[in-house]
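Quick caveat: nothing in here was measured; it's all calculated off a predicted structure.
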Amino acid sequence: MASLQHSPSSSIHQTSFLNSLPQLGVQKYGGVLPAVCRRGISLIVKAEHASMASSANSLDKCGRRQMIAVGVIAPWVSLVNQTPPSFAAESKKGFLSVTDKKDGYSFVYPFGWQEVIIEGQDKVFKDVIEPLESVSVNLIPTGKQNIRDFGPPQEVAETLIKKVLAPPTQKTKIIAASENDVDGKAYYTFEFTAQAPNYIRHALGVVTVGNGKFYTLTTGANERRWGKMKDRLQTVIESFKISNV
């Protein structure tokens with residue numbers, strides 16, 4: 001797996017960032033991917049190519065169907081009978097918290113979302129009824145020490161949205177991007193939309209660097225439910241923190 005390395009100038013840093021994204025083993029198009037409900041068995045499913053619109057109509061509860069096809073790409077999706085190095089616990093009202101001690105991150109997600117396994121993603125939780133409502137965490141190795149080394153918030157957000165977080169067939173629009181400092185650690189947060197023929201996904205993201213990793217958390221919902229979900233999704237974004245491991 002390629003990694004993002006130090007370069008002597010900011011322009012070379014950005015060029016390296018742009019060129020490396022498709023080769024980093026990142027599962028592209030976060031939040032709109034094939035998924036499998038976590039069960040106590042071993043299972044490998046090859047998902048069929050399907051559109052988001054048709055997949056949304058066929059969703060059922062995890063107990064009745066083992067596969068939820070909600071994506072536009074068809075990777076192999078693996079389900080393994082393992083105990084992950086993370087745990088979920090009750091958090092603020094209406095949310096559960098996740099702490100991954102191995103990779104050094106934590107966040108909260110809305111109560112009722114189910115954990116699913118998606119190849120290329122470190123952690124994914126989603127609503128089994130509303131397929132566009134999800135949160136995912138992705139990790140890639142980097143030699144850099146600070147998110148600022150990749151450029152300013154707007155530039156980094158635009159690159160991620162166009163190269164990783166939305167399919168090239170979708171029209172994307174970045175709404176906002178900013179930098180926040182938490183306990184001396186810089187985080188970039190951003191908001192964007194991705195328009196497909198039959199839906200618009202409104203999403204939020206946060207990225208940071210630490211422990212030799214580039215962390216990306218994204219969450220979102222269908223535009224038609226944005227008014228109802230935006231405060232809850234903002235809570236998810238604001239909860240994301242990394243720790244030294």
Side-chain angles (χ1 to χ4, degrees), residues 29-33 35 37 52-53 55-56 59 61-62 68 70-71 86-100 105-116 118 121-138 147 153-154 156-158 160-161 164-166 170-183 185-196 198-208 215-243:
Y29 318 136
V32 287
L33 295 162
C37 299
M52 180 64 70
S55 299
L59 291 179
K61 294 183 178 180
C62 287
I68 303 174
V70 297
S86 63
F87 64 90
E90 290 188 12
S91 182
K92 62 184 299 184
K93 185 177 181 180
F95 293 86
L96 293 176
S97 64
V98 174
T99 299
D100 190 314
Y105 67 84
S106 62
F107 64 96
V108 304
Y109 65 93
F111 182 81
W113 287 12
Q114 302 294 315
E115 184 172 12
V116 297
I118 296 179
Q121 301 291 323
D122 194 67
K123 192 75 63 181
V124 181
F125 293 87
K126 69 181 300 296
D127 189 304
V128 297
I129 304 301
E130 294 289 341
L132 296 184
E133 293 178 13
S134 65
V135 59
S136 62
V137 177
N138 183 267
I147 189 63
Q154 183 88 9
V156 172
E158 287 179 348
L160 283 170
I161 293 165
V164 177
L165 300 179
Q170 293 186 1
K171 182 180 179 180
T172 60
K173 177 183 178 181
I174 185 166
I175 298 170
S178 62
E179 177 179 329
N180 300 290
D181 187 274
V182 180
D183 298 328
K185 174 68 66 176
Y187 294 78
Y188 287 175
T189 59
F190 52 93
E191 178 181 353
F192 69 98
T193 58
Q195 183 174 354
N198 299 320
Y199 65 88
I200 298 175
R201 187 170 194 255
H202 201 139
L204 301 172
V206 56
V207 294
T208 191
Y215 294 80
T216 304
L217 179 144
T218 53
T219 186
N222 195 309
E223 182 67 58
R224 65 178 171 78
R225 284 176 52 82
W226 179 249
K228 179 178 180 179
M229 293 298 299
K230 63 179 181 180
D231 289 342
R232 302 179 76 190
L233 300 182
Q234 187 65 41
T235 296
V236 175
I237 289 294
E238 293 174 353
S239 73
F240 183 69
K241 301 293 184 296
I242 67 170
S243 57

**OP:** Could you tell me whether the side chain of F107 reaches within less than 4.5 Å of the side chain of S97, counting heavy atoms only?
**Re:** no
**OP:** Mind checking the NZ-CD spacing from K230 to E191? Nearest 0.5 Å is all I need.
**Re:** 9.0 Å
In residues 173-181, what donor-acceptor pairs under 3.5 Å come from side-chain atoms, sequence neighbours left out?
{"residue": "S178", "atom": "OG", "partner": "T189", "partner atom": "OG1", "Å": "3.1"}
{"residue": "E179", "atom": "OE2", "partner": "R148", "partner atom": "NE", "Å": "2.8"}
{"residue": "E179", "atom": "OE2", "partner": "R148", "partner atom": "NH2", "Å": "2.7"}
{"residue": "N180", "atom": "ND2", "partner": "T189", "partner atom": "OG1", "Å": "3.2"}
{"residue": "D181", "atom": "OD1", "partner": "G184", "partner atom": "N", "Å": "3.2"}

Original post:
What are the two closest heavy atoms between R232 and G94, and how far apart are they?
Top reply: NH2-O, 3.9 Å
Subject >> Evaluation steps, side chain to side chain contact (heavy atoms under 4.5 Å, CB included), between T219 and W113 >> reply: CA-CA 12 Å; T219 186; W113 287 12; 4.0 Å; yes
**OP:** Would you name the heavy atoms of T216 and T218 that are closest together and state the gap between them?
**Re:** CG2-CG2, 4.0 Å
Subject >> side chain to side chain donor-acceptor pair (under 3.5 Å) involving N222 - partner list, sequence neighbours excluded >> reply: none
Original post:
CG of N138 to CG of L217: how many Å apart, nearest 0.5 Å?
Top reply: 10.5 Å
Original post:
Quick one: does L233's side chain get under 4.5 Å of W226's, heavy atoms only?
Top reply: yes
**OP:** Working to the nearest 0.5 Å, report the span between CG of L96 and CD of E115.
**Re:** 11.5 Å
**OP:** Measure the spacing between NZ of K123 and OH of Y109 and express it to the nearest 0.5 Å.
**Re:** 9.5 Å
Original post:
Looking only at side chains, do E238 and Y187 share a donor and an acceptor under 3.5 Å apart?
Top reply: no
**OP:** Evaluate the side-chain proximity of T208 to V206: yes if any heavy-atom separation is below 4.5 Å, no if none is.
**Re:** no
**OP:** Write down the atom of Q114, the atom of V128, and the distance for their closest heavy-atom approach.
**Re:** CG-CG1, 3.7 Å
Original post:
Distance-only, no hydrogens or angles: does the T172 side chain make a donor-acceptor pair with backbone N or O of I161 under 3.5 Å?
Top reply: no
Original post:
With Y199, which of R224, E223, Q170 fulfils side chain to side chain donor-acceptor pair (under 3.5 Å)?
Top reply: Q170
Original post:
Rounded to the nearest 0.5 Å, how far does NZ of K241 lie from OH of Y215?
Top reply: 14.0 Å
Original post:
If you look at every heavy atom in I147 and A186, which pair is closest and at what distance?
Top reply: CG2-O, 3.5 Å
Subject >> H202 backbone acceptor or donor facing T193 side chain under 3.5 Å >> reply: no
Subject >> Heavy-atom closest pair, residues V108 and S239 >> reply: N-OG, 2.9 Å
Subject >> Check: S134 side chain, F125 main-chain N or O, donor-acceptor pair, under 3.5 Å >> reply: no
Original post:
Between F190 and L165, is any pair of side-chain heavy atoms under 4.5 Å apart?
Top reply: yes
Original post:
Atom CD of E133 and atom NZ of K228: how far apart are they, to the nearest 0.5 Å?
Top reply: 8.0 Å
